[in-house]
Amino acid sequence: MLAHLSFPVAQSRGRRYREKPHSYRNAYQRDRDRIIHSRAFRRLEHKTQVFTSPDSDHSRNRLTHTIEVSQIARTVALVLDLNEDLVEALALCHDLGHPPFGHAGERVLDREMRRYGDGFDHNLHALRIVEGFEQRYAAFPGLNLSFEVREGIIKHSRDYDSMQFPELNEYMLDQLPTLEAQLIDLADEIAYNIADLDDAVDAELLDPLSVCREVPLFERCMKETRVRHPSASDNLRFHEALRALLDILVSGLICGTHQAAEKSGASNPNDVRQLEKRLACFDEQSATVSHQLKVLLTREVYHSSKLEAARAKTDRQVAELFQWFMSQPDLLPDLYQERTTGELSHRVVCDYIAGMTDKFLLAKHSGIIETSYEGD
Ligand code: MG
């Protein structure tokens with residue numbers, strides 16, 4: 001399909017610190033393994049995807065979400081003849097920089113950082129993790145990932161302006177990322193739309209009938225399921241329809257990207273970088289479905305009173321902990337305290353909090369803030 005646009009590992013710009021090639025794993029396979037063996041990757045298990053402290057043990061967390069993104073992105077890459085190793089490494093690290101409590105946690109950290117004329121962005125934080133915070137190798141700091149993986153961490157979901165982010169200049173901000181990196185954002189969108197629908201029905205925030213009302217294609221999937229499995233339970237029919245919808249979205253991403261690539265006239269992976277517009281895209285039908293799902297989930301789930309109430313509490317806890325460490329930097333762990341002499345302390349505090357899992361943050365909050373209130 002698009003083998004001519006696949007980014008070959010042999011063309012990689014390589015690692016920041018030179019290393020001997022491995023005898024049987026290529027550079028992107030090695031990057032994938034380094035990501036999986038990192039502490040930041042394991043911590044994703046205890047970070048919120050959508051449901052914080054869910055009533056059910058079956059809801060996604062950021063680790064299971066990451067695995068789902070990787071599985072979808074690999075399927076798409078395989079069908080399109082793109083570099084599956086690069087796609088897998090990129091998918092596995094796409095959420096590495098997420099702070100505790102999902103996007104709400106990110107917004108609070110950003111708000112606190114703005115008081116100091118700074119900000120928080122999870123892609124930039126992920127880059128800091130793989131470039132420095134992971135300390136596992138004697139020869140270099142961080143994971144020493146290949147250029148295209150680091151570039152993809154930054155550029156998979158948005159563009160950065162080189163005037164505003166001069167420190168990112170080495171990532172060729174005036175060019176698009178590889179087609180492999182472009183796929184990640186849409187594989188992410190498919191994964192969270194389907195998973196959030198599943199988890200929301202499980203949590204009784206949504207029922208399949210209301211999904212049918214707003215997403216006509218889902219209604220069609222439900223009807224087809226009824227014909228094929230007339231005696232199946234409502235629960236099984238819902239899962240059959242959900243799987244059919246997932247298949248439609250993945251196929252739509254494959255077709256849309258294939259069509260856009262054909263139309264663009266790009267004949268090699270370097271042409272992909274020079275184009276005006278990203279090639280990875282849904283076809284018309286799946287773009288409509290994806291939009292309808294987002295609208296429905298935003299209204300009924302992300303802004304539901306149940307999630308809003310939990311969010312108000314965790315927003316306060318993240319902000320209080322940030323302000324506490326700003327006023328008491330001597331309570332930071334030694335490793336972070338050492339950095340406060342050379343770096344701006346709000347950045348050090350932000351790094352410390354962003355790295356926390358939900359449960360670690362709650363334990364810190366109750367250990368420090370709540371105890372100190374009792375003392376007052
Ligand atoms: Mg994600």
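Counting convention: from 1, in listed order, for ligands and their atoms alike.
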> Are the aromatic rings of His98 and His125 close, with centres under 6.0 Å apart?
Replying inline: no
> Is the distance from the Mg ion (ligand 1) to some N, O or S atom of His94 under 2.8 Å?
Replying inline: yes
> Do Phe120 and His122 have their ring centres less than 6.0 Å from each other?
Replying inline: no
> Does the pair His156 and Asp188 meet the rule for a side-chain hydrogen bond (donor to acceptor under 3.5 Å, both in side chains), with working shown?
Replying inline: CA-CA 10 Å; His156 73 270; Asp188 188 23; 5.6 Å; no
> Asp188: which N/O/S atom is nearest the Mg ion (ligand 1)?
Replying inline: OD1
> Of all N, O or S atoms in Asp95, which has the smallest distance to the Mg ion (ligand 1)?
Replying inline: OD2
> Does the side chain of Glu148 pick up a donor-acceptor pair with the side chain of Thr178 at under 3.5 Å?
Replying inline: no
